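Here the structure is a predicted model, which is why all the values come from computation and not from measurement. Residue numbers start from 1 in every chain, and the chains themselves are labelled A, B, ... in the order their sequence lines are given, proteins ahead of strands.
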Amino acid sequence: MKTNVLIAEDEPLMRERLLSMLQTCWPQAHVVAVAENGNDAWDSFLEHEPQVAFLDIRMPGMSGLEVAERIGNRAHVVFVTAYDQYAVSAFEAGAVDYLLKPVETSRLEKAIVRLQDKLSGPPAALQSILSQLKAAFPMPCAEKLTWIKATVGKQIKLIDVSAVLYFQSDTKYTRVVLPDYEAFIRTPIKDLLGGLDQSQFWQIHRSTVVNVKAIAAAQRIDAERMEVVVKDHPTRLPVSRAFTHLFRE
Amino acid sequence: MLKQLIRWNREWEDEILAVLADPALARKVAPGYRRHAAQRLAKLSTIERRQLREFSVAYRGSKGALAMVKLILLFSLMGLALHLASPAKFGMIESLVLSNLLGLSTAFGLTSVWFNYRRLPRPGVRSFLIITGLASLGALFGAGLVAVVHGKPLVDMMEEVGRTAALAGFGAGIVYTTIHNIVAGWRNREYELLTTQLQLQTQQERQAREMTESRLRMLQAQIEPHFLFNTLGAVQQLAQTECPRAADLTANLITFLRASLGEMRNQQVTLASEFQLVKAYLQVMKTRLASRLEFTLTLPEDLANVRVPGMLLLTLVENSIKHGIEPSLRGGCIDVRVTHRDASVRIDVCDDGVGMSAAPAAGVGLANVRERLRLVYAGLAAYTVTALEPHGVIATLIIPLSSDGETT
């Protein structure tokens with residue numbers, strides 16, 4: 001049986017290298033997505049739901065650590081990093097595997113053997129090691145958005161982020177929905193996520209982020225599907241399987 | 001009994017040496033006269049303690065006794081000579097006792113001056129008057145005592161020997177004051193010399209340490225393991241797939257490493273050679289980041305030979321990559337430009353990366369730039385970092401140009 005794998009690495013040559021090494025060392029692996037930054041990595045994860053994710057730690061957009069945090073225990077994560085003295089000690093203490101760049105074939109083979117052993121069971125929870133790693137990698141924190149500039153007709157509107165009911169992908173644009181009007185912005189959902197406060201805005205679908213204050217209720221449709229009822233708005237937003245845990249009691 | 005005495009003496013000596021080596025130990029000495037003595041020792045300055053310790057170690061135990069025996073022998077010989085010179089005036093025993101008494105007390109006096117020079121009054125009229133006064137009084141008192149013992153009237157005796165006694169006292173005073181002054185003066189000068197020497201030593205040590213530290217900081221700031229390992233990974237991949245590009249990348253990496261590891265980092269280099277280094281670095285990064293990095297370098301020919309501190313411009317460009325381009329989703333463009341401005345050279349490093357808000361507070365590289373500018377130009381150079389709209393950063397360096405067209 002094939003194992004679905006995601007690779008996230010920002011430098012093209014390193015990306016190519018990891019990809020070709022994986023194909024040689026692990027023929028059963030099926031690389032479903034190759035992402036070049038953290039935002040794409042998370043988006044690809046939602047799209048393909050791979051079992052294994054190789055995440056570079058330093059990437060533009062979300063860092064590998066942030067992506068891993070969002071993935072939670074839904075995939076087996078292997079971190080990839082160039083020399084980082086402090087991180088290595090954190091890794092050695094934890095359950096998560098890591099590869100040092102440039103990756104050596106023998107080391108990758110070892111990681112694959114470990115992964116194959118772990119694949120039968122559920123992925124490890126990463127909370128504690130992630131908080132440790134975050135302390136070891138002082139990374140710039142994305143500034144939280146307070147205002148969004150959007151074109152509505154001939155006007156450029158300044159929208160207070162906290163007034164937004166939800167954001168939804170719409171082909172090339174992102175729809176910004178407010179109680180009395182809506183606007184379109186060019187920034188895709190995946191690149192908006194880093195600027196939104198995760199406790200205030202919940203992603204409930206690959207293409208939808210909703211303001212928690214605007215959620216009236218979450219409604220079960222059947223065993224698998226669920227949707228969010230938006231306050232003072234006729235819309236119902238589908239919740240994808242990856243996010244139903246948000247509404248579990 | 002004798003054994004006990006020797007043991008007691010040895011113990012005390014050990015204690016004194018320990019206190020001289022570490023004055024903090026004085027507090028641990030059992031209360032009593034020994035604690036009192038130890039505390040006095042602890043109050044001495046470092047140099048005094050060192051001198052006293054050296055002396056105590058040199059004349060410890062049997063060695064001290066031997067030196068004492070030698071002194072007694074010497075003084076006895078002198079007493080014998082005195083007796084033989086005028087047997088009528090000085091008896092054998094009398095002269096032996098007298099010479100030993102005088103000699104030993106002088107020796108002890110000198111030793112105490114030798115080690116107590118810091119606390120004795122400075123050589124001067126006052127100390128001279130005190131010593132001669134005391135000596136003369138002593139002589140007169142002695143004469144008075146003799147008069148009382150022999151039953152002579154005091155006034156007669158004073159008339160007979162008073163003038164001699166006063167003169168003898170005066171003479172002895174002069175001799176002692178001179179010796180005291182010479183010894184104390186010399187020792188004090190020695191002390192001051194040692195103090196300045198010690199101060200100089202600590203200052204030199206501190207300077208050396210500071211220099212090493214700043215050099216180390218510089219090293220840490222320049223070649224990051226991250227850069228090295230990522231670049232080597234890229235070389236590895238290209239070597240397997242596109243050999244000519246691997247060769248180019250290696251050549252650029254060599255240029256970069258040679259300059260960063262060599263002595264050039266601390267020296268003045270021409271803008272032309274610094275530009276070569278920056279170009280090698282940017283080409284390495286361009287190979288790694290591909291379409292995410294564009295760059296332009298502009299150096300007017302007439303400024304090519306201007307000398308600047310090595311690695312300074314590179315640090316600015318590295319900052320742009322690290323804080324502007326690498327964290328940016330779409331990447332960006334770096335523009336390095338040198339222009340002539342009155343009596344100075346202006347260097348701009350401009351990028352349209354993520355800007356300053358996302359960058360962590362002033363890094364090691366930035367502090368390094370400021371420190372080096374301060375060291376080389378002492379406030380005559382300027383360094384500013386400004387945010388650009390809609391995003392990006394411009395770092396500007398203004399360096400004074402000396403009259404011959406080169407900065408110093």
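Side-chain contact check for B:His226 versus A:Lys101: every heavy-atom pair is 4.5 Å or farther apart. At least one side-chain heavy atom of B:Glu326 sits less than 4.5 Å from a side-chain heavy atom of A:Glu11.
The number of heavy atoms from other shown groups lying within 6.0 Å of CD (A:Glu104) does not exceed 12. Atom NZ of A:Lys172 sits in a sparse spot, with 12 or fewer heavy atoms from other residues, nucleotides or ligands closer than 6.0 Å. For B:Arg337, the CZ atom counts as loosely surrounded, since its 6.0 Å shell holds 12 or fewer non-hydrogen atoms of other residues, nucleotides or ligands. Summarising the local packing, CD of A:Gln28 is surrounded by more than 12 heavy atoms from other residues, nucleotides or ligands at distances under 6.0 Å.
Of all the listed residues (B:Ser291, B:Ala234, B:Gly331), the one sharing the greatest number of non-hydrogen pairs under 4.5 Å with chain A is B:Ala234.
The shortest non-hydrogen separation linking B:Phe229 to A:Ala82 is CB-CB, 4.2 Å. Among all heavy-atom pairs drawn from A:Ser20 and B:Gln237, the shortest one is OG-OE1, 4.3 Å. Across every non-hydrogen atom of B:Ala290 and A:Pro12, the tightest pair is CB-CG, 3.7 Å. Nearest approach of B:Arg292 to A:Asp10, heavy atoms of both residues: NH1-O, 3.5 Å.
We find the CD-CZ distance between B:Gln236 and A:Arg17 to be 4.0 Å, quoted to the nearest 0.5 Å. The line from CG of A:Leu13 to CD of B:Gln240 is 12.0 Å long, rounded to the nearest 0.5 Å. One finds the CG atom of A:Asp56 at 7.5 Å from the CG atom of B:Asn230 (value rounded to the nearest 0.5 Å).
For a heavy-atom cut-off of 4.5 Å, chain B lies close to A:Asn37, A:Asn39 in residues 32-41 of chain A.
For a residue to count as touching a neighbouring chain, one of its non-hydrogen atoms must lie under 4.5 Å from one of that chain's; by this rule B:Thr287 touches chain A with backbone and side chain alike.
Residues in residues 195-210 of chain A take part in these salt bridge (Lys or Arg N to Asp or Glu O under 4.0 Å) pairs, two or more places apart or across chains: A:Asp43-A:Arg206, A:Glu47-A:Arg206.
B:Gln276 meets the side chain to side chain donor-acceptor pair (under 3.5 Å) test with no other residue; sequence neighbours excluded.
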Under 3.5 Å, sequence neighbours excluded: what are the donor-acceptor pairs made by side chains of residues 145-156 of chain A?
none

